[in-house]
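Sharing a structure, written as structure tokens. Questions coming.
Labels below follow one simple rule: chain letters A, B, ... track the order of the sequence lines, proteins then strands, and each chain is numbered from 1. Nothing here was measured: the structure is a model prediction, and the numbers come from that model.
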Amino acid sequence: MRTSQYLLSTLKETPASAEVISHQLMLRAGLVRNVASGLYTWLPTGLKVLRKVENIVREEMQRAGALEVLMPMVQPADLWQESGRLDDYGPELLRLNDRHMRPFVLGPTHEEVITKLIANEISSYKQLPLNVFQIQTKFRDEIRPRFGVMRGREFLMKDAYSFHLGEDCLKKTYQVMFDAYCRIFDRLGLDYRPVIADTGSIGGDASHEFHVLADSGEDDIAFSDVSDFAANVEKAEALAPAGERPTPKAALTEVATPNVRSIEDVAAFLKVESSKTVKTLLVQGIATDDNQAPIVALVLRGDHQLNEVKAENLPQVAAPLTFATEQQLLDEIGCHAGSIGPVGLSVEVIVDRSAAHLADFVCGANKDDVHYSGANWDRDAKNYSIADIRNVVAGDPSPCGEGKIVIKRGVEVGHIFQLGEKYAQAMNCGVLTEAGKNQTLTMGCYGIGVSRIVAAAIEQNHDKYGIKWPAAIAPFQVAIVPMNMAKSARVQETAEHLYQQLQTAGIDVIFDDRKERPGVMFADHELIGTPLLLVIGERNLDKQEIEVKNRISGEKSLLAISDVMSLFTK
RNA sequence: CGGUGAUUAGCGCAGCUUGGUAGCGCACUUGGUUUGGGUCCAAGGGGUCGCAAGUUCGAAUCUUGCAUCACCGACCA
């Protein structure tokens with residue numbers, strides 16, 4: 001490709017709307033342009049990267065035995081009615097009507113369509129197992145699209161769905177997909193981790209997310225500093241503190257705490273560590289027979305945070321997690337938030353493992369502006385159960401039994417899980433078994449955010465000059481940068497010759513034939529992140545040499561023109 | 001959904017307080033100059049000042065409504 005015939009579209013200045021570095025660089029390097037909130041046009045350079053990522057994903061999926069299909073982005077709402085998700089999905093699902101006022105949705109994912117397809121196409125156990133995938137645009141009407149293509153509303157995703165007779169077969173394919181994902185991210189050249197993930201409402205035994213490590217990531221990942229253990233903080237188990245709970249020493253004492261509400265204030269006011277206090281959160285419970293939803297109290301150590309996923313998974317707690325209203329607090333407890341505590345509380349009390357290990361702690365006295373000090377479990381606060389309901393924090397013992405927890409940020413770029421029979425059952429997807437009986441299929445599903453990977457790769461690989469693409473996904477493998485070509489026939493001839501030679505060899509090369517000053521060319525190619533620059537100038541031509549500059553390492557070296565192809569034979 | 005802020009040329013911004021026919025830098029066009037790290041000089045093109053209504057002799061500027069975009073929050077017991 002010659003730059004004179006190409007759309008480089010680089011910018012010197014950073015558009016004000018871009019927050020994270022990958023978004024800024026994607027705009028400056030001319031990879032994408034914003035069309036509307038969360039919607040982007042991919043320019044030629046960006047599309048080249050996107051296609052390279054896509055192709056690696058496609059190749060590895062095919063190698064793992066999956067078959068490619070393509071399903072429509074617009075889907076009849078009927079299918080979603082059938083699976084029950086039309087009502088469950090919420091406002092992220094964009095609904096629309098066609099000219100006949102028939103209801104449709106824009107597909108945020110394709111379980112319904114694929115399950116329907118397989119239900120129609122597959123009728124015998126002999127055709128199983130089957131794994132199909134597509135690389136298709138999805139639409140999710142996000143509350144707050146942000147960070148460019150990292151969290152857009154429309155995005156490119158690879159989604160695969162596998163179909164099995166039974167769990168054992170599913171587990172085999174799950175492992176095959178796990179391995180394929182590792183190969184994909186290895187080939188992409190990214191620093192990533194598979195992490196144990198919450199299976200969410202879908203259930204199932206296992207689920208893993210694949211995260212690219214980057215500070216701008218939206219998820220917290222808990223690692224062991226010793227073993228390979230890694231889990232999403234949503235899922236990471238907080239172990240009970242070791243040893244016996246200390247014996248109570250202090251007497252239960254009421255303390256006036258006028259206008260002291262938050263844990264921070266209480267700890268400062270009473271001059272105790274926040275880890276020696278507890279906070280009591282009141283949430284909606286599961287409705288009972290008479291349709292009255294009770295309130296449930298969740299008790300945590302003052303310095304810990306509630307894990308909403310863990311709380312929602314408790315049988316007593318309503319999902320989605322909803323905090324009690326102020327009116328409920330007044331009616332049921334008789335005081336405002338900030339003065340609630342487990343002593344003498346009449347509602348069901350669930351205590352986090354760490355909070356349950358405290359003795360002589362501080363808590364609200366269920367009267368406004370009053371706290372207790374010297375409170376103790378069993379002696380003062382009775383009738384409670386213990387559960388793991390907090391987020392792990394750095395320094396906690398790792399749930400794998402080895403080492404301590406370290407927390408890093410990650411960008412979720414892949415997610416695999418075992419779906420089970422949920423969709424197959426709803427959409428009547430089954431086959432005849434060897435015994436001639438109809439059996440519902442067991443499914444797995446496996447997603448990769450293709451467009452998000454592009455952003456994540458930049459988050460992980462950039463410097464002050466621009467993007468430093470991993471070689472496998474760089475838009476160009478090499479750039480030819482001639483110095484003052486217009487003034488030197490020798491330079492021009494050499495550049496043209498090299499360009500022909502590289503093109504013939506199938507190398508993805510960009511030839512900067514613009515009549516620009518060297519600084520402009522260097523700056524553009526460094527911004528775009530081409531891994532290799534071949535600099536051709538009068539200076540080195542006498543010795544039949546050119547300069548090779550490596551974008552990643554910054555190294556420069558001289559190379560005989562005749563040896564150029566050796567750069568690509570490794 | 002709540003809070004905050006923004007909207008003036010393709011991009012980044014000034015002008016608004018104190019109303020008087022719209023400006024700067026980058027980019028773009030033309031000519032010259034320069035040429036191994038975003039040259040310099042000169043001339044030029046490009047804007048219903050987000051939309052609508054109001055106040056006024058006169059509105060980018062004041063008032064009201066609407067739209068769009070962005071950021072923050074949704075851990076409070």
Chi angles and distances behind the side chain to side chain donor-acceptor pair (under 3.5 Å) call for A:Thr3, A:Asp512: CA-CA 5 Å; A:Thr3 48; A:Asp512 203 334; 3.0 Å; yes
query: Applying a 3.5 Å limit to both distances, which nucleotide forms a Watson-Crick or G-U wobble pair with B:A77?
result: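 Checking every strand shown, B:A77 finds no partner, since no pair has both distances under 3.5 Å.
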- prompt: Who is the Watson-Crick or G-U wobble partner of B:A27, with both distances under 3.5 Å?
  reply: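 Pairing partner: none.
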message: So for A:Glu538 and B:G36, does any side-chain atom that can act as donor or acceptor lie under 3.5 Å from a complementary atom in the base?
response: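 Under the 3.5 Å cut-off, the side chain and the base do not form any donor-acceptor pair.
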Minimum heavy-atom distance A:Ser4-A:Asp513, with the two atoms named: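 Closest pair (atom of A:Ser4, atom of A:Asp513, distance): OG-OD2, 2.7 Å.
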field: Pair A:Tyr6 and A:Phe511, ring centroids less than 6.0 Å apart
entry: no
field: Partner nucleotide, any strand, of B:U63 [Watson-Crick/G-U, under 3.5 Å]
entry: B:A53
- prompt: Going by distance alone, is a donor N or O of one side chain under 3.5 Å from an acceptor N or O of the other, for A:Asp378 and A:Tyr384?
  reply: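 Judged by distance alone, the side chains do pair up.
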- prompt: Can A:Asp220 and A:Lys408 be counted as an ion pair, charged N to O under 4.0 angstrom?
  reply: no
message: Rounded to whole Å, how long is the line connecting atom CG of A:Leu39 with atom C1' of B:U68?
response: 13 Å
message: Can you check the distance between B:A27 and B:G44, where both ends of the measurement are the C1' atom (answer in whole Å)?
response: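 Result for the C1' pair: 14 Å, nearest Å.
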- prompt: Rounding to a whole Å, what distance do you find between A:Glu142:CD and B:C69:C1'?
  reply: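 My rounded result for the distance is 17 Å.
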message: Distance check, P atoms only: B:G46 and B:U4, in whole angstrom units.
response: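 B:G46 and B:U4 have their P atoms separated by 41 Å.
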Complementary nucleotide for B:G5 - Watson-Crick or wobble, under 3.5 Å: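 B:G5 is paired, partner B:C69.
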task: Please determine, for the side chain of A:Ile263, which listed nucleotide (B:G37, B:A77, B:C11) has the closest atom?
output: B:A77
message: Using a heavy-atom cut-off of 4.0 Å across all strands, would you classify A:Val481 as base, sugar-phosphate, or nothing?
response: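 Answer is nothing: A:Val481 stays at 4.0 Å or more from every strand.
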message: Suppose you measure atom P in B:A9 against the same atom in B:G50; what distance do you get, rounded to whole Å?
response: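 Approximately 8 Å lies between the P atom of B:A9 and that of B:G50.
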Over all atoms of both residues, closest heavy-atom pair of A:Leu27 and A:Val32: CD2-O, 3.5 Å
message: Any donor-acceptor pair under 3.5 Å linking the side-chain atoms of A:Glu412 with those of A:His415?
response: yes
task: Using the C1' atoms only, state how far B:G2 lies from B:U63, rounded to an integer number of Å.
output: 26 Å
field: Heavy atoms of other groups near A:Asp463 CG, more than 12 under 6.0 Å
entry: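 Yes - once you tally the heavy atoms of other residues, nucleotides and ligands closer than 6.0 Å, there are more than 12.
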query: How long is the line joining CZ of A:Arg539 and P of B:G37, in whole Å?
result: 8 Å
Please write out each protein N/O paired with an N/O of nucleotides 70-74 of chain B under 3.5 Å, distance rounded to 0.1 Å.
| from | atom 1 | to | atom 2 | distance (Å) |
| --- | --- | --- | --- | --- |
| B:A70 | OP2 | A:Ser37 | OG | 3.2 |
| B:C72 | OP2 | A:Arg144 | NH1 | 3.2 |
| B:C72 | OP2 | A:Arg144 | NH2 | 3.1 |

message: Checking contacts here: which listed nucleotide (B:A77, B:G36, B:G25) is nearest the side-chain heavy atoms of A:Ile340?
response: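 Ranking B:A77, B:G36, B:G25 by closest atom to the A:Ile340 side chain puts B:A77 first.
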field: Distance in angstrom units between A:Leu345 CG and B:A77 P, rounded
entry: 16 Å
- request: Using the closest heavy atom to pick a nucleotide of RNA chain B for each, name whichever of A:Asn391 or A:Asn540 lands nearer the 5' end.
  value: A:Asn540
- prompt: Contact class for A:Thr14 vs. all strands (heavy atom < 4.0 Å): base, sugar-phosphate, or nothing?
  reply: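 Sugar-phosphate contact only.
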- prompt: Is any NZ, NE, NH1 or NH2 atom of the basic residue among A:Glu545 and A:Lys543 found under 4.0 Å from an Asp or Glu carboxylate oxygen of the other?
  reply: yes
message: What contact category does A:Glu516 fall into here, base, sugar-phosphate, or nothing, at under 4.0 angstrom with non-hydrogen atoms?
response: nothing
task: Report the distance from atom CD of A:Glu13 to atom P of B:A9, rounded to the nearest whole Å.
output: 14 Å
- line: Once base and sugar-phosphate atoms are separated, protein heavy atoms under 4.0 Å mark nucleotides 3-8 of chain B, 5' to 3', with B, S and - as ------
query: What integer number of Å spans the P atoms of B:U29 and B:U39?
result: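 It works out to 15 Å between them.
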- request: Using distance alone, with no hydrogens and no angle criterion, decide if A:Ser275 and A:Asp303 have a side-chain donor and acceptor under 3.5 Å apart.
  value: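 The criterion, which ignores hydrogens and geometry beyond distance, is not satisfied for A:Asp303 and A:Ser275.
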- prompt: Does B:C40 have a Watson-Crick or wobble mate here (both distances under 3.5 Å), and if so which one?
  reply: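 In the structure as shown, B:C40 has B:G32 as its Watson-Crick or wobble partner.
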Touch class at under 4.0 angstrom, heavy-atom based, for A:Asn307 against every strand present: base
Between protein and nucleic acid, restricted to nucleotides 38-42 of chain B and to nitrogen or oxygen atoms under 3.5 Å apart, what atom pairs and distances do you find?
| from | atom 1 | to | atom 2 | distance (Å) |
| --- | --- | --- | --- | --- |
| B:U39 | OP2 | A:Arg517 | NE | 2.9 |

- request: Report the residue from A:Glu555, A:Glu526, A:His525 that forms a side-chain hydrogen bond (donor to acceptor under 3.5 Å, both in side chains) with A:Lys549.
  value: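 Looking at A:Glu555, A:Glu526, A:His525, the match for A:Lys549 under the side-chain hydrogen bond (donor to acceptor under 3.5 Å, both in side chains) is A:Glu526.
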message: Between the side chains of A:Glu154 and A:Lys138, is the shortest nitrogen-to-carboxylate-oxygen separation below 4.0 Å, so that they form an ion pair?
response: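 Not counted as a salt bridge, because no side-chain N and carboxylate O are separated by less than 4.0 Å.
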- prompt: Using the C1' atom in both, what is the distance from B:U55 to B:U64, to the nearest Å?
  reply: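 Nearest-Å result for B:U55 against B:U64 at atom C1': 11 Å.
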task: Determine which nucleotide pairs with B:A22, using a 3.5 Å limit on both distances of a Watson-Crick or G-U wobble pair.
output: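 The base-pairing partner of B:A22, which may sit in any strand shown, does not exist here.
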query: Should B:U17 form a Watson-Crick or G-U wobble pair with both distances under 3.5 Å, which nucleotide is its partner?
result: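 Paired with B:U17, as far as the under-3.5 Å criterion goes, is no nucleotide at all.
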query: Between B:C49 and B:U61, how far is it from one C1' atom to the other, in whole Å?
result: 10 Å
- prompt: Salt-bridged, A:Glu218 to A:Arg409, with N to O below 4.0 Å?
  reply: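 No, no charged N to carboxylate O under 4.0 Å.
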- prompt: Should A:Arg390 and A:Asp396 count as an ion pair when the cut-off is N to O under 4.0 Å?
  reply: yes
message: Under a 3.5 Å cutoff, is there a donor and acceptor pairing between the side chains of A:Thr10 and A:Asp524?
response: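 There is such a pair (donor and acceptor under 3.5 Å, judged by atom type) between the side chains of A:Thr10 and A:Asp524.
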- request: Would you kindly give the CG-to-C1' distance between A:Leu27 and B:C11, to the nearest whole Å?
  value: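 Rounding to the nearest Å, CG of A:Leu27 and C1' of B:C11 are 11 Å apart.
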task: Nearest whole angstrom, please: distance from the P of B:A77 to the CZ of A:Arg390.
output: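 It works out to 17 Å between those atoms.
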Gap in Å between the two P atoms, one belonging to B:C41 and one to B:A60, rounded: 34 Å
- request: Assign each of A:Ile536 and A:Pro15 to its nearest nucleotide of RNA chain B by heavy atoms, then name whichever residue's nucleotide is nearer the 5' end.
  value: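 Residue closer to the 5' terminus by nearest nucleotide: A:Pro15.
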- request: Give A:Gly364 one of three labels, base, sugar-phosphate or nothing, depending on what nucleic acid heavy atoms sit under 4.0 Å from its own.
  value: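 Nothing, no nucleic acid heavy atom in range.
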task: Specify the separation, in whole Å, of atom NZ of A:Lys549 and atom C1' of B:G36.
output: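 Atom NZ in A:Lys549 sits about 11 Å away from atom C1' in B:G36.
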